[in-house]
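All chains are named by letter (A, B, ...) in the order of the sequence lines, taking the proteins before the strands, and each is independently numbered beginning at 1. Keep in mind that what you see is a predicted model, and the values were worked out from it rather than measured.
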Amino acid sequence: MNNKLPNSLFRGSNVVKIARKLLGSHLFTNFNDELTSGIIVEVEAYCGATDKACHAYPDKVTPRTKIMYESGGVAYVYLVYGMHHLFNIVTNAGGSADAVLIRAIEPIAGVAVMQKRRNTNQNNKLLTGGPARLTQALGINVSHNKSDLQGEHIWLTEGKHYTDKEIITSTRIGVEYAGDDALLPWRFHIKDNKYVSK
DNA sequence: TAGGTGATCTTG
DNA sequence: AAGATCACCTAT
């Protein structure tokens, strides 16, 4: 589609600011001619150098985290709990392991396709609210790890720009193991949006 | 609220 | 080689 978000937007040095700025962008996938998209309404930031909640903390390169050290604009997709695929956007310049977890989208294109993939006829937060729900709805799985977000399968476009009053800041979900860093205000979501996970 | 599920990383 | 852990979801 037109006007893909440029890599320059992903390559800033402050992953928290980038995460917040991504709210309102549209996330697209196109697999086997099935086009789906949604508005990003919930995100979290992760920083490998300083953040105990990040897989790459403390700046540790492993086979899994290697992708996070790439220059911004590629996907980091991993499996948790043996069954859930979570989609992140790698940010920063090469060498800094930062990423933004996409936690919820508001469905726009291909709702029927998403419902089929999710095996539901609902269109509410059960469809795309939650990091593993949205990947299933969009058809994203670990085979898409390392995908280039300028490519033809997964990409973003510019969308609405929300004002400060429409954006809620909070702590991240499911990172209690990170001690003090679980308290960082690195989760952002759109106020009153019905697709936000919690 | 408890259980499912398997890759990933650490320990020995 | 074995064990613990896990950026979650679904059904009870």
When all nucleic acid strands are considered with a 4.0 Å heavy-atom cut-off, which category describes A/L101: base, sugar-phosphate, or nothing? base

Just the rounded figure in Å: distance from C1' of C/dA7 to CE of A/M83. 15 Å

Once you round it to whole Å, what is the distance between P of C/dC8 and NZ of A/K125? 15 Å

Side-chain donor/acceptor contact of A/H55 with base of C/dA7 under 3.5 Å: yes

First and last nucleotide of DNA chain B, 5' to 3', lying under 4.0 Å from heavy atoms of chain A: B/dG4 to B/dT10

Identify the two heavy atoms, one from A/N88 and one from A/L86, that lie closest to each other, and give their separation to 0.1 Å. ND2-O, 3.7 Å

What heavy-atom pair brings A/L5 and A/S25 nearest, and what distance separates the two atoms? CD1-OG, 3.7 Å

Examine C/dA7: is either OP1 or OP2 under 4.0 Å from a nitrogen or oxygen in the side chain of A/Y177? Give yes or no. yes

Base partner of B/dG4, which must satisfy Watson-Crick or wobble distances under 3.5 Å: C/dC8

Describe the nucleic acid contact of A/A132 in one word from base, sugar-phosphate, nothing, applying a heavy-atom distance below 4.0 Å. sugar-phosphate

Nearest whole Å is fine: how far is C/dA7 P from A/K198 NZ? 14 Å

Testing the 3.5 Å rule here: is there a donor-acceptor pair between the side chains of A/R118 and A/Q136? yes

If each of A/C54 and A/Q136 is mapped to the nucleotide of DNA chain C with the nearest heavy atom, which maps nearer the 5' terminus, i.e. the 5' end? A/C54

Side-chain donor-acceptor contact under 3.5 Å, A/T128 with A/R133: no

Any chance NZ of A/K21 has more than 12 other-residue heavy atoms, nucleotides or ligands included, within less than 6.0 Å? no

Within 6.0 angstrom of A/E152 CD, more than 12 heavy atoms from elsewhere: no

So what does A/R172 touch, heavy atoms closer than 4.0 Å: a base, only the sugar-phosphate, or nothing? nothing

P atom, B/dT1 versus C/dA7: distance in rounded Å? 22 Å

Can you name the closest pair of heavy atoms from A/L149 and A/K4 and give their distance? O-CD, 4.2 Å

Considering Watson-Crick and G-U wobble pairs with both distances under 3.5 Å, what does C/dG3 pair with? B/dC9

Value in whole Å for how far the C1' atom of C/dT10 lies from NE2 of A/H84: 8 Å

For A/K52, answer base if it contacts any base atom (sugar-phosphate contacts may also be present), sugar-phosphate if it contacts only those atoms, and nothing otherwise; contact means non-hydrogen atoms under 4.0 Å. nothing

Atom pair distance, as rounded to whole Å: CD in A/Q122 and C1' in C/dA11: 14 Å

What's the closest nucleotide to the side chain of A/R118 if the choices are C/dA7, C/dC8, C/dT10? C/dT10

Without decimals, in angstroms, what is the distance between A/Y81 OH and C/dA4 P? 16 Å

N or O in side chain of A/R103 less than 4.0 angstrom from C/dC8 OP1/OP2: yes

Distance check needed: C/dC8 P versus A/R187 CZ, whole Å only. 11 Å

note: A/L126, atom CG; C/dC8, atom C1'; distance rounded to Å ~ 14 Å

For residues A/P107 and A/Y195, report the shortest heavy-atom separation together with the two atoms involved. CD-CE2, 3.3 Å

